[in-house]
Enquirer: 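Mind looking over this structure? Questions follow.
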Amino acid sequence: MDDDRRAPGDRHRGAADHPVPRAPVHRRRVGARVRRDGGVRARRARAVLAARAGPPGEGSGLTPADLPPRFEPGAIERRWQAAWEAAGVARAPETPRAAPFTVVLPPPNVTGDLTLGHLLGNTVMDLLVRVHRMRGEPTLWLPGIDHAGLATQARVRSFLEAQGVRLDGLPREEILTRVERWKREHERRIAEAWAAAGLSLDRTRYRYTMDPEYGRATRRAFVALYRAGLVYRGERFVNWDPQLRTALSDLEVEHAEEPGRLLYLRYPWADGSPGGVLVATVRPETIFGDVAVAVHPDDERHRAAVGRRVRVPLVGREVPVIADAAIDREFGAGSLKITPRHDLLDYEVFRRNPGLPMPPDVIDADGRLASDWVPEAFRGLDRNDARERVADALRAQGFVEREEPFVHSVARSERSDAVIEPRLSTQWFVRMGPLAPAAVEAVRSGAIRLYPPRWELTFYRWMEALEDWCISRQIVWGHPIPVYYCGRCGAETAAEEPPPRCPACGHDRLAADPDVLDTWFSSWLWPFASLGWPEESPDLAHYYPTTVLVTGRDIMFFWVARMMMAGFYFTGRPPFAAVQFTGLLRDERGRKLSKHLGNSPDPVQLIAERGADAARFALLFPGPVEQDSVFADATVENARHFLTKVWNLVRFAASHLPEGTEPPDRPPALSPSSPLENRWVLARWRRTLEEVDAALAAYEVTRAATALHGFLWHDLADRYVEVSKDALKGERGEPVRRESRAVLLFVLERSLRLLHPAVPHVTEELWHALPHRGDLLALAAWPTADGVRDDPEAVEAMETVYDAVRTLRNLRAGVGASADPSPPAWVRPAGAAAARTLEAERETMLRQSRVGSLRFLAPDAPPPADAAPAVTPAGEFFVARPPGGAAASDASLRREREKLAGLLRKTEERLRDPGFRSRAPPEVLKEAEEKARELGERLRRIDDHLAPGADRPTA
RNA sequence: GGGCCGGUCGUCUAGCGGUGAGGACGCCGCGCUUACAACGCGGAGAUCGGCGGUUCGAAUCCGUCCCGGCCCA
């Protein structure tokens with residue numbers, strides 16, 4: 001198994017196990033140099049200066065020429081990361097003066113390196129954190145790592161094995177040293193990956209689940225639960241991993257269907273009479289632990305057998321045939337051999353039937369046959385070999401009646417992949433029953449919201465069926481269980497610090513419990529222990545409860561639900577107000593990204609090759625973050641193209657803004673005579689902002705990214721820039737030029753702010769190439785719509801104009817106008833309103849459609865000769881056919897007619913339906929009538945242009 | 001066996017009672033127009049998984065089945 005799902009931050013499979021190339025990011029020492037002096041202002045100023053000095057061959061001025069024609073992320077990203085670091089951008093205030101925004105990073109475990117799945121969650125968190133920081137909220141994003149006890153020990157174990165060293169043979173101290181060394185190396189790599197991704201984590205508040213303070217928090221939690229009777233020790237059936245030699249919780253076990261062999265064994269009568277009882281089993285090696293054979297009490301086939309005795313094959317031990325209602329009559333031969341120490345169901349049957357002897361374990365902690373109940377010949381065999389050998393012996397001695405292939409559910413350790421051995425053993429447990437209700441109630445009442453909300457159902461279902469949680473692990477790496485046993489009276493004492501003497505008898509020789517705690521027992525305290533709990537630390541007082549937890553839904557049970565329970569129990573408050581679940585990443589073939597399949601890019605390498613911003617944007621767009629989505633090479637390519645587009649947009653703008661242009665401190669004030677495109681683009685920007693804000697409020701980061709992508713590329717670059725070029729060149733007069741400059745700068749600068757949380761580096765770089773106020777975009781304010789008015793008329797007019805432009809471009813292409821770059825064109829508007837709009841924007845249409853001239857025709861004027869016609873709701877358009885050019889063709893007009901006629905037919909049918917007329921709301925009715933009228937009108941005009949006498953398609 | 005998610009142009013997706021079903025990638029055609037060819041403009045391409053139902057009206061609501069994925073037993 002390559003499953004690294006052990007620490008909260010490690011939700012996605014596929015950590016790269018191969019050596020990671022040296023992180024390509026060489027952090028400049030800018031931060032270190034300036035950190036010594038005091039004062040945020042001075043630090044920031046220096047940071048900016050240092051950053052500006054960055055790219056080789058660049059001047060220090062901020063003239064537009066500074067922006068190179070190519071966008072190279074590497075240097076840019078390093079430079080701004082250093083600047084943010086030096087300016088302390090990510091540093092949360094010691095004493096926030098407003099309601100804070102807090103996020104704790106799900107600590108990745110030190111088992112391995114960061115995966116793309118981590119980067120997905122991290123990007124979402126960074127985006128949210130940066131938005132709220134820009135909104136002026138005191139913002140804390142707390143980083144950390146998880147010691148991931150079992151996972152780490154398992155990894156170190158196989159790492160050492162590869163070098164021929166057996167971890168299990170090493171003394172405890174030596175193991176700890178080795179693990180510690182492993183941890184330091186991976187901790188460094190994780191930190192480098194965070195830095196390379198541009199995450200604005202508050203590194204001064206870095207926490208490690210194994211540091212001394214955290215250890216104390218863990219012991220405090222244990223002791224508190226112990227005293228409340230919510231932690232107990234008992235002999236239970238646990239999931240035993242014989243390879244790692246430890247117990248596991250139910251959640252760490254994976255079930256899968258696997259092929260096996262079902263053996264039908266004859267247990268002969270003890271009295272020697274012929275026959276016996278037929279028993280089916282897939283685990284013949286456990287027969288040495290049998291204490292009975294059980295059948296269902298109502299099973300006619302076996303009725304006579306109950307009460308008689310049979311002999312266990314191979315060993316000849318006598319056991320009774322008993323009746324128990326738990327036996328499945330349909331399965332196998334309808335009878336079950338009872339091996340109480342190695343199967344939960346058998347154990348329950350055993351307990352219901354007093355008088356049976358309790359056998360020893362016939363399979364030991366290593367998964368080998370053991371104990372004197374096992375014949376000499378089989379002792380010490382691994383259970384897998386034993387299964388074959390026992391089956392062979394059974395066959396040889398004639399006990400096997402028949403056998404058949406059988407698919408059964410097999411439980412495996414998600415850590416070692418070893419088949420789990422159900423084992424009766426003494427372990428520590430947390431009683432979940434009393435802890436659950438507060439968490440369930442919080443979700444039910446909305447005190448904690450889940451995004452997307454559908455996960456609530458899954459949450460409730462699991463919470464209803466909670467089993468007690470086995471928290472003791474028989475490994476070295478982890479928090480020791482803080483329980484001490486008196487060497488004299490045997491009293492058991494739970495205490496945060498080792499007691500000097502036994503509280504019961506005063507004896508001073510106490511033995512510590514040899515086990516350590518499940519990693520999740522420290523993880524579930526993360527939201528408050530990372531802030532200083534159990535101390536009443538200032539951070540805990542200021543920043544707890546946290547605002548939102550972003551994590552993969554695959555650890556909802558492992559971690560999220562348990563944090564809720566711990567949060568309410570230990571702090572009396574919810575640990576977070578919201579949980580955003582992210583989806584899984586898949587490749588273009590729909591497979592999960594995983595190390596195993598080799599389809600999971602290493603994020604550090606990805607960032608080195610394509611840039612952090614491109615990687616980040618590719619994770620946010622176009623696939624929805626909250627759903628499983630595809631991450632392919634093309635996705636990154638796409639993101640990169642978008643960033644290049646924005647880059648060039650700024651280059652264009654910068655080249656049209658003269659030296660000394662004022663920063664866009666307030667929205668441009670438009671006048672009634674302002675160009676349509678200025679009114680339009682401001683309105684569109686406003687709507688984009690509203691969409692982004694709404695999306696973020698609902699934790700739909702992809703929707704926010706999509707809105708920005710569309711606006712910047714299609715509205716601003718494709719349309720606004722093209723339409724306003726003349727104005728920016730001054731061809732429409734100085735006042736218009738000034739206004740258009742102001743509008744362009746305002747919209748672009750504000751859009752960079754909106755985009756910054758998603759792709760912080762490029763936007764920071766670009767922001768500095770534009771007139772701006774302030775030291776860093778990262779410290780700029782999140783925009784508001786204040787002073788920018790929505791303008792529905794402008795939006796509608798622009799649609800009309802662009803429909804016209806598209807129609808003319810189309811006609812131009814249709815007549816083969818590439819030969820003649822500027823054919824004359826005409827328009828006959830449909831109605832006064834269209835006429836007004838089109839006439840006002842005649843210049844725009846002329847330029848954008850690249851026709852040579854555009855003349856307006858009176859309603860009753862004859863259509864121009866030798867011109868290709870098109871009919872739109874706004875009017876009739878004509879483009880002259882070049883002499884000797886393409887022959888007149890009505891094909892496209894006829895196709896259009898066909899389509900419109902079909903639409904008209906459908907609309908008229910609807911209008912004739914009495915049900916529709918009486919039940920549809922009046923506005924829908926009116927709309928349909930208007931549509932029918934307009935379609936009819938347009939059809940009539942099309943017919944006018946179709947050659948008279950030619951075959952006309954019928955409506 | 002139970003639960004959840006998804007099935008919409010070739011691909012990824014938006015839309016979640018009234019639309020000529022929107023976008024991106026890919027494809028085809030035209031264009032190097034000094035921000036961008038990592039680009040622009042235009043075009044083709046979808047009976048919205050199947051079947052039933054509710055409704056004046058269904059991609060959208062309900063039922064059922066099929067396919068893919070995930071989770072739990």
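Quick note on labels: first sequence line is chain A, next is B, and so on, each numbered from 1. Reckoned from all heavy atoms, side chains included, excluding hydrogens, waters and symmetry mates.
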Enquirer: Less than 6.0 angstrom from the centroid, inside 45 degrees of the normal: does A:R719 satisfy that with respect to the ring of A:Y802?
Expert: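 Checked: cation-pi criterion met.
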Enquirer: Picking from B:rG18, B:rA38, B:rG2, which would you name as closest to the side chain of A:R461?
Expert: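 Given the options B:rG18, B:rA38, B:rG2, the side chain of A:R461 is closest to B:rG2.
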Enquirer: Would you kindly give the CG-to-C1' distance between A:L744 and B:rA35, to the nearest whole Å?
Expert: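 About 11 Å, once rounded to whole Å.
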Enquirer: Could you check which nucleotide pairs with B:rU64 in any of the strands shown, counting Watson-Crick or G-U wobble with both distances under 3.5 Å?
Expert: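 Base-paired to B:rG50.
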Enquirer: So that I can tick it off, tell me whether A:R917 and A:E929 are bridged by a salt bridge, with the cut-off set at under 4.0 angstrom between side-chain N and carboxylate O.
Expert: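 Judged by the 4.0 Å cut-off on N to carboxylate O distance, A:E929 and A:R917 do form a salt bridge.
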Enquirer: Do A:R940 and A:E937 sit within salt-bridge range, that is, some charged N less than 4.0 Å from a carboxylate O?
Expert: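 A salt bridge links A:R940 with A:E937.
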Enquirer: Identify each donor-acceptor pair in which a side-chain atom of residues 462-470 of chain A lies under 3.5 Å from a protein atom, sequence neighbours left out, and give them as a table.
Expert:
unit_1	atom_1	unit_2	atom_2	d
A:D468	OD1	A:M432	N	3.2
A:D468	OD2	A:Y232	OH	2.7
A:W469	NE1	A:D518	OD2	3.0

Enquirer: State whether A:R806 places a side-chain N or O below 4.0 Å from either non-bridging phosphate oxygen (OP1 or OP2) of B:rG42.
Expert: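 Checking B:rG42 against A:R806, a side-chain N or O does come within under 4.0 Å of OP1 or OP2.
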Enquirer: Verify the contact: side-chain N or O of A:K725 to OP1 or OP2 of B:rA35, cut-off strictly under 4.0 Å; return yes or no.
Expert: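 Looking at the OP1 and OP2 atoms of B:rA35, one of them is under 4.0 Å from a side-chain N or O of A:K725.
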Enquirer: Applying a 3.5 Å limit to both distances, which nucleotide forms a Watson-Crick or G-U wobble pair with B:rC70?
Expert: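 Partner of B:rC70: B:rG3.
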Enquirer: Restricting to nitrogen or oxygen on both sides, can you table the protein-nucleotides 22-27 of chain B pairs closer than 3.5 Å?
Expert:
unit_1	atom_1	unit_2	atom_2	d
B:rA24	OP1	A:H714	NE2	3.1

Enquirer: Does any N or O in the side chain of A:S655 come within less than 3.5 Å of the main-chain N or O of A:F652, such that one atom is a donor and the other an acceptor?
Expert: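 The answer is yes, because a donor-acceptor pair under 3.5 Å joins these two groups.
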Enquirer: For the rings on A:F237 and A:Y347, is their centre-to-centre separation under 6.0 Å?
Expert: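 Yes: the rings meet the under 6.0 Å criterion.
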Enquirer: Which nucleotide, in any strand shown, forms a Watson-Crick or G-U wobble pair with B:rG40, with both distances under 3.5 Å?
Expert: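 Its partner is B:rC30.
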